[in-house]
Trainee: 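Below you'll find the structure I mean.
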Amino acid sequence: RLHPRLFRRLRPLHIAVIGSGPAGCAAALSLLQRGARVTLFDCGDDNAAVTEELQGNRIVAANAARSIDPVVLNRLSGANAGRQKPRRRPGLASLIGGDIDPSRTQKRILGSDFVFRHQQQVMTIDGADPPVSAAPGGLSNVWGAACYPMRVADFKNWPLNPEDLSPYYHKAADLLGVNANDDGLTNSYPLFGQQTGPRPSTSLSALAPLWQESRHALQASGLDGGYSRLAVGFSDCTHCGLCLFGCPHDLIASSRPWIELIRDHPRGDYCSNTICLTFHEGPQGVQLKMLGPSGSYPSERAFDRVFLAAGTLGSFRIAAQSLNLPNRAAPLLDNDMAVFLNRIGQTRGMEHPAIAPFSLSEMALALRPDARNGDGIHFQFYSFSPYIFGAMTADRFFSFLHRSGLWKLMWPRLAVGFAYLSAAQSRQVMISAHRGEQPFWQLDIQGAQAPINSGELKEAVRRLQAAGDLTQLRPIGPSFKSTPFGFSGHLAGTLPMKERPEALQTDQLGRLADHQRISVVDGAVFPSLAPQNPTLTIVANALRVANLTPL
């Protein structure tokens, strides 16, 4: 008979991963590769049910290629779902006048609201309304596919070096299928990924050769520019332009397909509709208290290790509730951002279809850190697509532009710019948790309503205007508009990584202070947040932690 300790060493460790977003799935796949037995817990619906729900509208979307029929686009966006009359304010008015509609942080995918449908059943939040998803794959279902690594300067508050993440950036880029070009942008962001297919051609993407030719002059003005780095399968792209409504061909990377890989693995298991309430670490392992479907009575399950990947807010709630730390404030990092219109200078001699053939970010500029802007600013530029114009609020004015042919004249001459600040330059927001009416604790957010740091953003836009001869993008000043808290979807930092972690902080391997078997692998561990999208760094760090954690 085997001694119990020897038996535990011989059998595969049983590891629980909480959360099915990119961080959780990446960690689970890495742990399976290392020989562990993994159970992936998901608070959302079964993945197959979501796929079936989307199938009908996927057919409608595919048939709508190269059209801008307001009725079809309204169906795909779900703009008027539950309303007796359509909204009367078009998207253009929302962009250049009045406030940005906060509901745009909760967009539908191919007409379905599955991404945000059940969030109230898994989390209660006061003080703000940030995007939170209880769906399989989490917010990866709605992200814009942007994938940028951190620069050397971005590591200044991290207990890691660029060399610690570099090999995992390569693995993350392969896993996500990052399409990246070696161009002027490489001067700011190290290159991970490769060109995997031809990109759709628009008047905006036509600026790429111009930026490459003038890259040294751009660098002299503090700017590095090139094609956006995107986790998109361009080799199969049909150029239908419906990207922001949800790709009808599933070419935008998400972690939902990874769930199937984990479920089908001989040592993998997948449990949907399950909420993690608390954990308790003991000498032999970790006890999880779980809440099953329909709020059934909590049950307990034992694991050798637990990886928290429930999202920046979810992982914080689980940790605070498990450690019984009510009202303990922690940072909640976000990228303040602004939206503005741009006039494109190089549009002559090009044939343009009726609709922009691509609606994700096409071009990006990095304003490097300098004395005037300590952390730099990240810019992304989009064609003036029906989604941005306002198919979510399509009405008679939109229909008039379509029927008259004016739309075909408008979209090639305009681009929409998004400017992102680092978290250090953004609102300083705090979060805490306390007991509420639900079995899971309630979250309270303070500071989300503070004014945005628009001075830094406006100064950056002025520098873009000064470089207009080089970029051929002319920002339209009156269109400048700041966005509500959480609009970027880049929330991070609630369980920050420190060299000497204290309560509600983590070490270099994501382990909560005074714990050896509880590791956090999502954006909650970020001690700072750079201006650019954090998804590639989140996945890379999750792979690093899963690969280096002792088994």
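Along the sequence shown, residues carry numbers from 1.
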Trainee: Between F192 and H170, what is the ring plane arrangement, given parallel below 30°, perpendicular above 60°, and tilted in between?
Mentor: perpendicular
Trainee: Between Y169 and T537, is there a side-chain donor-acceptor contact under 3.5 Å, judged purely by atom types and distance?
Mentor: yes
Trainee: Please answer whether the main-chain N or O of L13 pairs with a side-chain N or O of R305 as donor and acceptor at a distance below 3.5 Å.
Mentor: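 It does not hold such a pair.
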Trainee: Hey, mind stepping through S322 and T278 against side-chain hydrogen bond (donor to acceptor under 3.5 Å, both in side chains) and telling me if it holds?
Mentor: CA-CA 5 Å; S322 300; T278 58; 4.8 Å; no
Trainee: What is the minimum heavy-atom distance between D375 and S422, and which atoms define it?
Mentor: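 Looking at all heavy atoms of both residues, the closest pair is OD2-OG, 2.8 Å.
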Trainee: Please determine, by modelled atom types, if Y270 and D42 share a side-chain donor-acceptor pair under 3.5 angstrom.
Mentor: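 Yes, side-chain donor-acceptor contact under 3.5 Å.
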Trainee: Are R544 and N547 linked by a side-chain donor-acceptor pair shorter than 3.5 Å?
Mentor: no
Trainee: Would you please test N179 and T196 for side-chain hydrogen bond (donor to acceptor under 3.5 Å, both in side chains) and show each step?
Mentor: CA-CA 6 Å; N179 193 301; T196 57; 2.7 Å; yes
Trainee: Tell me if a side-chain donor or acceptor on N157 pairs with a main-chain N or O of P527 at a distance below 3.5 Å.
Mentor: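 Not a single qualifying donor-acceptor pair exists.
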Trainee: Look at the rings of Y382 and F418 and say which category their plane angle falls in: under 30° parallel, 30 to 60° tilted, over 60° perpendicular.
Mentor: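 Plane angle between 30° and 60°, so tilted.
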Trainee: Side-chain atoms of residues 491-505: list all donor-acceptor pairs with protein atoms under 3.5 Å, sequence neighbours left out, distances to 0.1 Å.
Mentor:
unit_1, atom_1, unit_2, atom_2, d
T494, OG1, T312, O, 2.8
Q505, OE1, E502, N, 3.0

Trainee: Regarding S432 and N327, is there a side-chain donor-to-acceptor distance under 3.5 Å anywhere?
Mentor: no
Trainee: Do N335 and H490 get their side chains close enough for a donor-acceptor pair, meaning under 3.5 Å?
Mentor: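 A pair is found: one side chain offers a donor N or O, the other an acceptor, under 3.5 Å apart.
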Trainee: I'd like to know if the side chain of S528 pairs up with that of W158 as donor and acceptor (distance under 3.5 Å, no hydrogens or angles considered).
Mentor: yes
Trainee: Short question: side chain of Q287, backbone of E281 - any donor-acceptor pair under 3.5 Å?
Mentor: no
